[in-house]
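Notes for the one structure printed next.
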Amino acid sequence: MTLIIILRSFEGTRSTDDVDVAIFPARQKTEIPKENPQHDVIDRGQATSSTQDGASASPREPLFAVVLREVATDRERAASSTLDGASATRNFGYLPGEVTADRVHLALEHDINPFTNQPHTAQYKKILEGRKTLPVFAHMAEFYKIFNKHQIIIMIGETGSGKTTQIPQFVAYSDLPHTKNKIVACTQPRRVITTSVAERVADEMDVQLGKQVGYSIRFEDMTEPGTTFLTYMTDGILLREAMHDPDLSRYSTIILDEAHERTLATDILMGILKTLVQRCPDLKLIIMSATLDTLKFQKYFTVSGSTPVPLFKVSGRTYPVEVFYTQEPEPDYVEAAIRTVLMIHCAEEPGDILLFLTGEVEIEEVCRKIKLEADDLINFDPMSVGPLMCIPLYSSLPRQHQQHIFDPPPKAICPNGPPGRKVVASTNIAESSLTIDGIVYVVDPGFSKQKVYNPRIRAESLLVSPISKASAQQRAGRAGRTRPGKCYRLYTENDFISELEEQTHPEILRSNLANIVLILIKAGMKDLIRFDWVDAPAPETLMRALELLNYLAAVDDDGNLTALGSIMAEFPLDPQFSKMLIVSPELKCSNEILTITAMLSVPNVWLRPSNKLKEADAAKALFTVPGGDHLMLLNVYNRYIQNQRDKNWTWVHYLSASALLQAVNVREQLEQTMGRFELAVVSMRDQREMSLAIKQALCCGFFMQVAHMVGGMGDYMTMKDNQACYLDLRGATALHPSCGLDTQPEWVIFHEFVLTTRPYIRTVTDVRPEWLLEYAPLYFDLKNWPDGETKRALIRVMMRA
DNA sequence: GAGCACTGC
């Protein structure tokens with residue numbers, strides 16, 4: 001078994017990467033030092049407007065019409081040598097890869113849009129004037145000097161430098177992708193930014209969105225093949241494309257933006273592109289990042305022995321932020337945060353406050369307390385303290401509630417009274433995804449919830465952990481977007497310097513990689529140990545991923561992709577789900593499995609507002625079905641469809657309308673993928689038969705997420721892996737209280753393992769052990785199991801059969 | 001008898 005050898009070789013190189021959870025030293029009280037504050041002034045970029053040189057051109061001649069002709073003649077010249085080089089001068093030197101900033105300025109000032117040959121609209125000039133004030137714009141000449149000469153560039157562009165909108169346009173002028181049927185791509189980690197930036201750039205280039213400039217995100221392709229030459233896309237989309245076309249041959253230049261965020265997809269793309277650029281000398285690559293880990297990228301992309309990949313730096317345009325630290329560590333950051341907010345409210349100039357917390361419950365609690373305290377202050381002294389409004393912000397908050405962060409601060413209570421102030425208490429969503437205008441003060445306790453993956457128990461879980469220096473800097477920066485601001489860090493400067501990691505651990509070191517490994521194998525990269533990772537994941541994580549894929553029969557014992565695995569890779573899902581979907585037509589329940597998969601792929605649909613807990617639980621109980629939580633999700637979805645996806649209906653039943661709508665979209669997309677492989681969408685009439693079939697399908701995908709009740713007291717043992725199925729109850733878990741089962745079945749399949757007040761399994765359905773033995777004989781090969789209650793139970797099941 | 005940080009295909 002080669003797979004075993006591959007796995008062994010992982011074991012041999014093991015350097016398990018346990019995530020450090022350093023907690024700040026405990027201590028007594030907080031003081032915000034007002035005198036002698038520590039300054040941490042954030043670089044203020046200059047807004048320099050570019051200067052135009054005197055290169056003259058007849059203003060009416062369409063420039064790119066000339067370019068197109070020139071390129072054509074260039075090709076002819078190469079073919080027949082009938083033309084001399086003079087034409088290049090006549091046509092302002094527009095040759096791919098040879099353009100200069102002077103020429104581009106000329107084109108920008110021209111009356112005719114070179115990309116459409118239409119006269120520019122009135123708004124074009126107006127927008128152009130704005131663009132000229134962006135810091136990046138002043139560095140155009142420098143950019144072309146580097147870009148024309150090098151295949152790879154690392155760009156450091158701080159917040160507000162304009163890199164995301166301008167650099168792809170600069171590239172387009174140099175690559176002239178439309179003249180050679182190529183595309184310039186710029187990836188983003190998030191969908192909203194992708195679409196809004198594309199829209200902005202289409203305006204700047206004076207073209208219609210979806211024509212020359214477009215975007216591509218899941219569920220929405222706003223591009224026109226043959227016309228679009230600049231595409232903004234999410235990194236996941238490009239990764240999917242790389243799976244099908246490892247040469248990414250459509251592209252002339254690929255720009256990976258926000259590389260410092262180190263999303264899974266961007267990390268893998270960096271690995272793929274590093275080898276790809278060596279193979280394809282015509283492909284250019286720009287890595288754009290906001291922080292100084294660009295040196296790491298530079299080192300990574302520089303092939304040993306050759307000259308270093310050039311760095312191109314443009315400073316940002318933000319206002320200085322003064323940073324304060326506490327003199328002593330804070331024993332209770334929540335309490336300290338409340339005190340700091342109130343202190344700012346009483347003592348500081350008008351300006352809104354952004355407070356970073358870790359999760360929904362904490363945020364709601366803090367908002368409630370701040371409101372109580374602020375009301376007390378007003379009652380006590382209405383003439384010196386203004387009203388304070390505290391707004392929660394986290395992603396599962398319904399959209400219309402999220403909108404409140406844009407509300408103006410409350411008005412003064414009496415005509416000459418002190419003005420009101422707005423506090424936004426937010427999760428990390430406000431660190432990079434959402435920008436709130438008017439924030440002048442940031443309160444940063446220094447923690448966030450972070451995903452950690454423990455390959456040994458195969459579980460991802462969320463842990464409240466200290467943030468990184470980079471993250472703290474990002475949070476502070478949020479105070480300086482509209483005017484100079486202040487950031488109060490609720491930890492000591494010493495802790496900042498010595499306790500915080502430089503960067504947040506990249507996602508790839510904190511995730512289950514089964515999905516990624518399948519994509520890489522499908523893209524032809526079988527040798528995962530030698531894959532050139534920016535940061536290599538723990539060998540054990542890779543081993544677990546390969547092992548899972550092998551159990552699911554997606555890869556064979558030699559580590560080769562099977563026919564089944566090849567189809568599985570096409571689904572935008574974890575491999576357990578795709579396996580389950582692919583077998584479901586045989587079990588005559590693919591219609592239902594599609595729905596269950598969609599429901600489990602979107603955020604939690606159950607709303608539970610803190611002031612309506614009982615009502616929400618009662619509403620949820622109405623959806624209960626005997627079979628378990630998976631069938632309950634199916635029931636909710638079907639009722640949602642029966643009720644014409646009515647928002648009102650979702651509201652009265654305490655269901656998330658947006659999550660359900662997402663489920664509809666996901667389901668549609670999965671159904672399309674099923675269709676591509678002629679997997680039928682079928683149902684059974686008999687309800688009892690059907691629920692049995694659904695549970696069997698669940699077993700086909702999730703046989704590794706089985707728990708067995710031991711001891712009869714509601715303690716369950718999860719089967720972490722063949723080796724660790726001990727009687728030891730330290731590993732015992734329980735059904736989560738949200739579970740809809742009214743009994744405690746002996747064998748269950750669970751969707752999530754959560755670590756909160758204790759280990760829980762959530763979203764649970766009872767199954768029969770004989771199905772497990774039937775559908776996953778490889779995994780349940782008892783020869784390899786240690787003795788124990790679970791093994792004995794399984795042997796009894798075998799004997800019965 | 002609890003609590004889903006945040007993205008992405």
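For the numbers below, each heavy atom of this structure counts, side chains included, while hydrogens, waters and symmetry mates do not. In what follows, chains are A, B, ... by sequence order, proteins preceding strands, each numbered from 1.
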Spacing of [X] atom [atom1] relative to [N] atom [atom2], expressed in whole Å:
{"X": "A/Ile363", "N": "B/dC6", "atom1": "CD1", "atom2": "P", "answer": "8 Å"}
{"X": "A/Glu241", "N": "B/dG8", "atom1": "CD", "atom2": "P", "answer": "18 Å"}
{"X": "A/Glu360", "N": "B/dA2", "atom1": "CD", "atom2": "P", "answer": "17 Å"}
{"X": "A/Arg475", "N": "B/dC6", "atom1": "CZ", "atom2": "C1'", "answer": "12 Å"}
{"X": "A/Phe753", "N": "B/dC4", "atom1": "CZ", "atom2": "C1'", "answer": "16 Å"}
{"X": "A/Leu600", "N": "B/dG8", "atom1": "CG", "atom2": "P", "answer": "19 Å"}
{"X": "A/Leu613", "N": "B/dG1", "atom1": "CG", "atom2": "P", "answer": "16 Å"}
{"X": "A/Glu362", "N": "B/dC4", "atom1": "CD", "atom2": "C1'", "answer": "14 Å"}

Of the candidate nucleotides [options], which contains the atom at the shortest distance from the side chain of [X]?
{"X": "A/Thr427", "options": "B/dA5, B/dT7, B/dC9", "answer": "B/dA5"}
{"X": "A/Asn604", "options": "B/dC4, B/dG1, B/dT7", "answer": "B/dC4"}
{"X": "A/Glu507", "options": "B/dA2, B/dT7, B/dC9", "answer": "B/dT7"}
{"X": "A/Leu462", "options": "B/dC4, B/dC6, B/dG1", "answer": "B/dC4"}

What's [X] touching, base or sugar-phosphate or nothing? Going by heavy atoms closer than 4.0 Å.
{"X": "A/Ile217", "result": "sugar-phosphate"}
{"X": "A/Asn665", "result": "nothing"}
{"X": "A/Thr358", "result": "sugar-phosphate"}

Return the residues of residues 187-195 of chain A meeting this criterion: a heavy atom under 4.0 Å from some atom of DNA chain B. Order them by number, or give none.
A/Pro189, A/Arg190, A/Arg191
N/O donor to acceptor pairs below 3.5 angstrom from side-chain atoms of residues 567-582 of chain A, sequence neighbours left out:
unit_1, atom_1, unit_2, atom_2, d
A/Glu570, OE1, A/His244, NE2, 2.9
A/Glu570, OE1, A/Arg676, NH2, 2.6
A/Glu570, OE2, A/His244, NE2, 2.8
A/Glu570, OE2, A/Lys522, NZ, 2.8
A/Ser578, OG, A/Pro575, O, 3.2
A/Lys579, NZ, A/Leu552, O, 3.1

Ionic contact status for A/Arg510 with A/Glu507, cut-off 4.0 Å
no
Kindly say if [X] contacts the phosphate of [N], meaning a side-chain N or O under 4.0 Å from OP1 or OP2.
{"X": "A/Tyr760", "N": "B/dA2", "answer": "yes"}
{"X": "A/Thr263", "N": "B/dT7", "answer": "no"}
{"X": "A/Ser395", "N": "B/dC6", "answer": "yes"}
{"X": "A/Thr234", "N": "B/dC9", "answer": "yes"}
{"X": "A/Arg762", "N": "B/dC4", "answer": "yes"}

Set of residues satisfying salt bridge (Lys or Arg N to Asp or Glu O under 4.0 Å) with respect to A/Glu752, sequence neighbours excluded:
A/Arg762
Under the salt bridge (Lys or Arg N to Asp or Glu O under 4.0 Å) test, which residues partner A/Glu199, sequence neighbours left out?
none
Would you say the rings of A/Phe623 and A/His653 are close, in the sense that their centroids are separated by under 6.0 Å?
yes
With sequence neighbours excluded, give me every salt bridge (charged side-chain N to carboxylate O under 4.0 Å, His left out) pair touching residues 462-474 of chain A.
A/Lys469-A/Glu502
By the salt bridge (charged side-chain N to carboxylate O under 4.0 Å, His left out) test, which pairs, at least two apart or in different chains, include something from residues 230-245 of chain A?
A/Glu241-A/Arg250
Earlier contact from the 5' end, DNA chain B, for A/Tyr394 and A/Leu573
A/Tyr394
State, yes or no, whether a side-chain contact exists between A/Gln450 and A/Thr504 at a heavy-atom distance under 4.5 Å.
yes
